[in-house]
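Structure first, then comments.
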Protein chains: 2
Amino acid sequence: MQKRVPITGDSTLCSTCMLGHVCLPVGMPAEDIDKLSTLVRERVRVEKGRTLYTLGDELDAVYGVRSGSIKTQIERAEGQLQITGFHLPGELVGMDGMLEGHHMSTAVALEDTEMCVIRLADLDRIASHVPALQPQFRRFMSKEIIRSQHMLLTVGSLRSEQRLAAFLLNLSQRLAMLGYSANEFVLRMSREDLGNYLGLTLETVSRLFSRFAREDMIRINQREVEILDMPRLKKLIGQDS
Amino acid sequence: MQKRVPITGDSTLCSTCMLGHVCLPVGMPAEDIDKLSTLVRERVRVEKGRTLYTLGDELDAVYGVRSGSIKTQIERAEGQLQITGFHLPGELVGMDGMLEGHHMSTAVALEDTEMCVIRLADLDRIASHVPALQPQFRRFMSKEIIRSQHMLLTVGSLRSEQRLAAFLLNLSQRLAMLGYSANEFVLRMSREDLGNYLGLTLETVSRLFSRFAREDMIRINQREVEILDMPRLKKLIGQDS
DNA sequence: CGTACATTTGACAGGAGTCAAGATCCGTGG
DNA sequence: CCACGGATCTTGACTCCTGTCAAATGTACG
């Protein structure tokens, strides 16, 4: 567990945060968003490779990615490890773990990352005079359910090339939402992480990248990706155009 | 969408329901549970094979299984279908779908089934004077996140025989929680459903059942299962004893 | 009692895993 | 600034698990 640092000044309220259009406040009425000023009172910096929280840690808050990126993973006693998500700015992590009050997963920074701390006590306190907040938070939990169910479909019923294509398209789209290029980006995770996430081996992922590049669908240089033929990638997973 | 029927009399409040030890009230203080009397005001009967709700239906409530069982599935445009869960009494369905206010999945009864209707409006109304209710509901959503992430691990990193063993053990355990036999039960779903759920084909599932039976780990006759060697099943997935 | 559906079983093929060897990149220290 | 060493990534050869296709058998329901 990393050290939480109080936010100084009010330069960084939810109401003025650049991520308002993707993060927790999205879609809420402006007057309600103004009332979220004490929702995030602390931040946590996590260096690349370090953990934000670990399986079993006590949980009194969930976290929003402010900058950087995070992977979350679950483990089984036998050492099996499954990466459950790569999280970009505006996305919340830690919502599993609310069942027991202990984290059910581990969150590791893929690069130097800053997280907003959303204490559950603050959430309920503020919700008592901002009625829209509870439904809004449920929406975010619902989104997390949908996300993992969608991954289940991906891993359970798509072939390897389709899984990788789906991953690239999903990442591209999320980066575009954040104002980054949809066609050119840097993967923050290793081939091994990616393989684990998609239910493949790192060799298969590597081979697929090479093949996609050979077929001029992408250009790839280590972790730099350029998507050259978005329509064909989409066609690969059955989406038209 | 099936017809909702008001509950008559108060013979079936949450506070007196037999499923209280597994359903939404579990762990809440008795005085709070007493205040849930108007949380479930309607029920829905769903015949075997019929849908409780369908992808795209408007959502104003989530549902708890009162008796019977339900499968939930998501779909992709291309016709791919992924079963995301088989739900027993006391379990909630429909919590995906709170994101958009429309169901993101379809729920189909595996046998004649009765569901409790939990309207979201009622949830928030009651929560305003039962502070423990919102955290409790979040716990159930959290549980759903954990469940689907665990399935992701199962499908993403276990071999076919391990997946089926994990399924049998999980079902056995949930049935035991409900007071049924942990060793003898009836599968309510087809081999095809089971295969789809586990990311396998129906033939593979059938072969595995036959093999487990040949190796005296289970006895199986169509959908009747008897677990003969629980320790060996557990060992198969790496759990000791 | 017959027909449609569900399940079992076999033969075969192919996609992804495993094992192994190189190539490339990157951080560290001289 | 450059050289070294470990980590990461690529590629090849081969294996095997699971999927596909097909046929037979069993079961349930009208």
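Chain letters run A, B, ... following the sequence lines, proteins first, then strands; residues in each count from 1. Both backbone and side-chain heavy atoms feed into the values below; hydrogens, waters and symmetry mates do not.
Between B:T201 and D:dT20 there is no side-chain polar atom (N or O) within less than 4.0 angstrom of OP1 or OP2. OP1 or OP2 of C:dA16 sits under 4.0 Å from a side-chain N or O of A:S160. Dashed line: the shortest gap from a side-chain N or O of B:S210 to OP1 or OP2 of C:dT8 is not under 4.0 Å. Checking the phosphate oxygens (OP1, OP2) of D:dT10, a side-chain nitrogen or oxygen of A:R191 falls inside 4.0 Å. A sub-4.0 Å separation between OP1 or OP2 of C:dA6 and a side-chain N or O of B:S190 is absent.
Between the side chain of A:E203 and the base of C:dC19, a donor-acceptor pair under 3.5 Å is found.
Backbone-only engagement by B:G199 is indicated by non-hydrogen atom pairs under 4.0 Å involving sugar-phosphate atoms exclusively. At the heavy-atom level, A:R163 lies nowhere under 4.0 Å from the strands shown. Using a 4.0 Å heavy-atom distance criterion, A:R159 is classed as a sugar-phosphate-only contact.
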- Task: With salt bridge (Lys or Arg N to Asp or Glu O under 4.0 Å) as the test, would you mind laying out the steps for B:E111 and B:R188 before giving the verdict?
- Result: CA-CA 7 Å; B:E111 58 194 304; B:R188 298 297 178 179; 3.4 Å; yes

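Rounded to 10 degrees, the angle between the two end axes of the helix from C:dC1-D:dG30 to C:dG30-D:dC1 is 50°, with five pairs used at each end.
Minimum atom distance to the side chain of B:Q222 is reached by C:dT7, of the listed C:dT8, C:dG17, C:dT7. Side-chain proximity of A:S206 to D:dT10, C:dT9, C:dA16: nearest is D:dT10. Ranking C:dT8, C:dA11, C:dT18 by closeness to the A:R207 side chain, first place goes to C:dT18. Residue A:L200 has its side chain nearest to C:dG17 when only C:dT9, C:dG17, C:dA20 are considered.
The backbone N or O of A:H103 sits nowhere less than 3.5 Å from a side-chain atom of A:D57 that would complete a donor-acceptor pair.
Between A:N221 atom CG and C:dC25 atom P the separation is 7 Å, expressed in whole Å. The separation between A:R211 atom CZ and D:dT10 atom C1' is 16 Å, rounded to whole Å.
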